[in-house]
Colleague: 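Take this structure first; my questions come after.
Start at 1 with the first residue, then count along the sequence.
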Amino acid sequence: MQDDIYPSEHLVLQGKSHICVITSEWLYNAMLKLSVTQREVMILNFWYRYTDIEIAAQFAESICCHTKLSRKETL
């Protein structure tokens, strides 16, 4: 008798303290290539809809620092 196999329809990804459900294996693999901090920012921004101020508060940083980091990462 063959074991039953139940493929996952979604993947769960964890940041520092938040999780998100991803339905695309491509996106999941791309998110794994980010640092834990970058991944947490993405999760907070896109899945939890946090504002820059709320995201900065999660990391105890000023908005100025968060904005500079965001700009640097997009260059």
Side-chain angles (χ1 to χ4, degrees):
M1 180 175 192
Q2 184 178 4
D3 291 325
D4 291 335
I5 298 172
Y6 299 98
S8 177
E9 293 180 12
H10 62 273
L11 303 160
V12 177
L13 185 67
Q14 172 122 18
K16 283 186 176 180
S17 59
H18 294 82
I19 61 170
C20 66
V21 175
I22 300 175
T23 57
S24 163
E25 187 175 352
W26 176 87
L27 179 57
Y28 178 80
N29 288 327
M31 293 282 286
L32 287 177
K33 292 180 182 180
L34 299 173
S35 71
V36 175
T37 302
Q38 290 172 321
R39 195 165 41 236
E40 182 75 4
V41 170
M42 294 289 289
I43 291 170
L44 291 173
N45 188 276
F46 292 103
W47 277 268
Y48 289 83
R49 305 257 188 243
Y50 278 31
T51 65
D52 286 349
I53 293 169
E54 293 169 321
I55 293 171
Q58 291 289 314
F59 293 96
E61 296 176 358
S62 70
I63 293 301
C64 176
C65 293
H66 175 71
T67 303
K68 286 179 184 176
L69 286 173
S70 296
R71 287 183 188 151
K72 184 177 181 181
E73 290 169 1
T74 59
L75 296 177

Colleague: Determine, using the 4.5 Å side-chain heavy-atom cutoff (strictly less than), whether Val12 and Val36 are members of one ILVMFWY cluster.
Modeller: no

Colleague: When hydrophobic residues are tied together by side-chain contacts of less than 4.5 Å, even through go-betweens, does Phe46 share a cluster with Tyr28?
Modeller: yes

Colleague: What's the shortest heavy-atom distance between Met31 and Arg39, and which atoms?
Modeller: O-NH1, 3.3 Å

Colleague: Indicate yes or no: at least one non-hydrogen side-chain atom of Trp47 is less than 4.5 angstrom from one of Ile22.
Modeller: yes

Colleague: Which heavy atom of Tyr50 sits nearest a heavy atom of His18, and at what distance?
Modeller: OH-NE2, 3.7 Å

Colleague: Does the side chain of Glu40 come within less than 4.5 Å of Phe59's, by heavy atoms?
Modeller: yes

Colleague: So which heavy atom on Ile43 is nearest to which on Ile19, and how close?
Modeller: CG2-O, 4.0 Å

